[in-house]
S.K.: 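Sending over a structure as structure tokens; questions will come in a sec.
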Amino acid sequence: MSTQGDLAERIKKMILEEMPGPQRHPFHRKVLEGRATRADLAAYAVQTYHRNLYSSRFASANHSRCPVPEIRRALLQVVKTEEESAAGEAPSHAELMLVFAEAVGVKREDVIHSEPLPSTRVFIDTIMQLSQGHWLEGISFRASELGAPRACKLWYEALQKHYSFSTKEVAWWKTHVEEDVAHGSIALQVYSQYARGEDNQAMALRAVKRMMAAWQVFDDGILKAGEEAAQGKDAGFPVPAEKSF
């Protein structure tokens, strides 16, 4: 049986080396290399908006099942940062994605009234199931944020360099560069201190693998949607006209 510390390092390695990301998923590479179309970025913005509508709910469901006061407080802070700043002055993550969508060329109301892709629904349902299960299963979503600071930094830089977006228009990524360090640290603390025994460790690993598979489905869906939208197929929202950035 692995020690708790060994489990934390094993899961961290899985996230950093196996989860879809800048080096491993073709959609991410397309964006970071400057090859993404407006249809690609629009598909990403719309689906990420729908995902963000549930981000605080994932954390809230996990928080309600957590027996450890210290971790509950940390998860409560995640809920707050997903919705707004502690002072109530910063926009929610969903609002920040609406700002980006408008910069891409999608009207705010078209994003809000669009439907999530089937792949996005699978992602939402999977993470919600994990969050509403055993609290060690729900913490897997926090684990997925271990690679987010580096990935979001790359996106933040690429979106300005290749597509000429302003810092305000890509503030969603800047926010995640800063906040997801703390979010991922919650998972490492849990796996290091509270995933005791073979059964709990096996449960945690299964949950992380399910979460990683859900991210793969989410990214695959966006890649396909962007390609089909560029071919004139219905994307579920008015796709912005293609023009150079």
S.K.: Without swapping roles, check the side chain of N62 against the backbone of S131 for a donor-acceptor pair under 3.5 Å.
M.R.: no
S.K.: Do L146 and L154 share a hydrophobic cluster, counting only Ile, Leu, Val, Met, Phe, Trp and Tyr and linking them when any side-chain heavy atoms are less than 4.5 Å apart?
M.R.: yes
S.K.: Is a side-chain donor or acceptor of E18 paired with a backbone partner of I15 at a separation under 3.5 angstrom?
M.R.: no
S.K.: Are the side chain of D110 and the backbone N or O of V106 linked by a donor-acceptor pair below 3.5 Å?
M.R.: no
S.K.: What orientation do F141 and F123 show, parallel under 30°, tilted 30 to 60°, or perpendicular over 60°?
M.R.: perpendicular
S.K.: Indicate yes or no: does R108 engage E95 in a salt bridge with an N to O separation below 4.0 Å.
M.R.: yes
S.K.: Atom CG of L7 and atom NZ of K12: how far apart are they, to the nearest 0.5 Å?
M.R.: 13.5 Å
S.K.: Is there a ring pair (Phe, Tyr, Trp, His ring centres under 6.0 Å) between H176 and H183? Walk through the geometry before answering.
M.R.: CA-CA 10 Å; H176 284 78; H183 294 183; 7.9 Å; no
S.K.: I'd like to know if the side chain of R72 reaches the main chain of S64, judged simply by a donor and an acceptor atom lying under 3.5 Å from each other, with no hydrogens or angles considered.
M.R.: no
S.K.: Is F27 atom CZ crowded by more than 12 heavy atoms from other residues, nucleotides or ligands, each under 6.0 Å away?
M.R.: yes
S.K.: Does this structure show an ion pair linking R121 with E115, if we count only N-O contacts that are shorter than 4.0 Å?
M.R.: yes
S.K.: Where is the tightest heavy-atom contact between A230 and A39, given as atom of each residue plus distance?
M.R.: N-CB, 4.0 Å
S.K.: For M128 and A61, work out which heavy atoms get closest and say how close.
M.R.: SD-CB, 4.4 Å
S.K.: Do you reckon V46 sits in the same ILVMFWY cluster as L53, going by side-chain contacts under 4.5 Å, direct or chained?
M.R.: yes
S.K.: Do you see a donor-acceptor pair shorter than 3.5 Å between the side chains of Q132 and E137?
M.R.: no
S.K.: Is there side-chain contact between V208 and L205, with at least one heavy-atom pair below 4.5 Å?
M.R.: no
S.K.: More than 12 non-hydrogen atoms from neighbouring residues, nucleotides or ligands closer than 6.0 Å to NZ on K30, yes or no?
M.R.: yes
S.K.: According to a 4.5 Å side-chain heavy-atom criterion applied to Ile, Leu, Val, Met, Phe, Trp and Tyr, with indirect links allowed, do I112 and V239 form part of one hydrophobic cluster?
M.R.: yes
S.K.: Got I139 and Y194 here, is their nearest side-chain heavy-atom distance under 4.5 Å?
M.R.: no
S.K.: Decide yes or no for H134 and M203: does some side-chain heavy atom of the first lie under 4.5 Å from some side-chain heavy atom of the second?
M.R.: yes
S.K.: How close do V79 and S60 get, counting heavy atoms only, and between which atoms?
M.R.: CG2-N, 3.6 Å
S.K.: Below 4.0 angstrom, N of the basic side chain to O of the carboxylate: do K13 and E9 qualify?
M.R.: no
S.K.: Working note: V170 + Y163, criterion side-chain contact (heavy atoms from CB on, under 4.5 Å); need CA distance, chi angles, decisive distance, verdict.
M.R.: CA-CA 11 Å; V170 295; Y163 311 97; over 6 Å; no
S.K.: Do the side chain of Q129 and the main chain of T126 share a donor and acceptor less than 3.5 angstrom apart?
M.R.: no
S.K.: Would you say L130 and F58 make side-chain contact, with heavy atoms under 4.5 Å?
M.R.: no
S.K.: Indicate yes or no: at least one non-hydrogen side-chain atom of M14 is less than 4.5 angstrom from one of M212.
M.R.: yes
S.K.: Say whether Q47 and T120, considering side chains only, have a donor N or O and an acceptor N or O under 3.5 Å apart.
M.R.: yes
S.K.: G147 and L16: which non-hydrogen atoms are nearest, and at how many Å?
M.R.: CA-CD2, 3.7 Å
S.K.: For R35 and V31, indicate whether the former's side chain and the latter's backbone hold a donor-acceptor pair under 3.5 Å.
M.R.: no
S.K.: Do S140 and Y191 come close enough that some side-chain heavy atom pair is under 4.5 Å?
M.R.: yes
S.K.: Donor-acceptor pair, S192 side chain versus L188 backbone, under 3.5 Å?
M.R.: yes
S.K.: Show me the pairs that pass side chain to side chain donor-acceptor pair (under 3.5 Å) and involve residues 213-230, at least two apart or across chains.
M.R.: H25-D220, H28-D219, S144-W215, Q216-D220
S.K.: Strictly under 6.0 Å, is that where the ring centroids of W155 and Y44 end up?
M.R.: yes
S.K.: Between I186 and V177, is there shared hydrophobic-cluster membership here, with clusters defined by ILVMFWY side-chain heavy atoms closer than 4.5 Å?
M.R.: no
S.K.: Locate the shortest heavy-atom distance separating P26 from L223; write the atom from each residue and the value.
M.R.: CG-CD2, 3.7 Å
S.K.: Out of curiosity, L159 CG to K174 NZ, how far, rounded to the nearest 0.5 Å?
M.R.: 14.0 Å
S.K.: Taking the six-membered ring where the residue is Trp, are the ring centres of F100 and W173 under 6.0 Å apart?
M.R.: yes
S.K.: Is a donor on one side and an acceptor on the other found under 3.5 Å between the side chain of R38 and the backbone of V104?
M.R.: yes
S.K.: Going by heavy atoms in the side chains, are L117 and F218 under 4.5 Å from each other?
M.R.: no
S.K.: If we ignore angles and hydrogens, is there a donor and acceptor under 3.5 Å between the side chains of S114 and H50?
M.R.: yes
S.K.: Considering all heavy atoms of both residues, which atom of I127 and which atom of A214 are nearest to each other, and what is their separation?
M.R.: CD1-CB, 4.2 Å
S.K.: Less than 4.5 Å apart, side chain to side chain, heavy atoms only: is that true for E157 and K161?
M.R.: no
S.K.: Using the rule that two of Ile, Leu, Val, Met, Phe, Trp, Tyr join whenever any of their side-chain heavy atoms come within less than 4.5 Å, decide whether V68 and V190 are in one cluster.
M.R.: yes
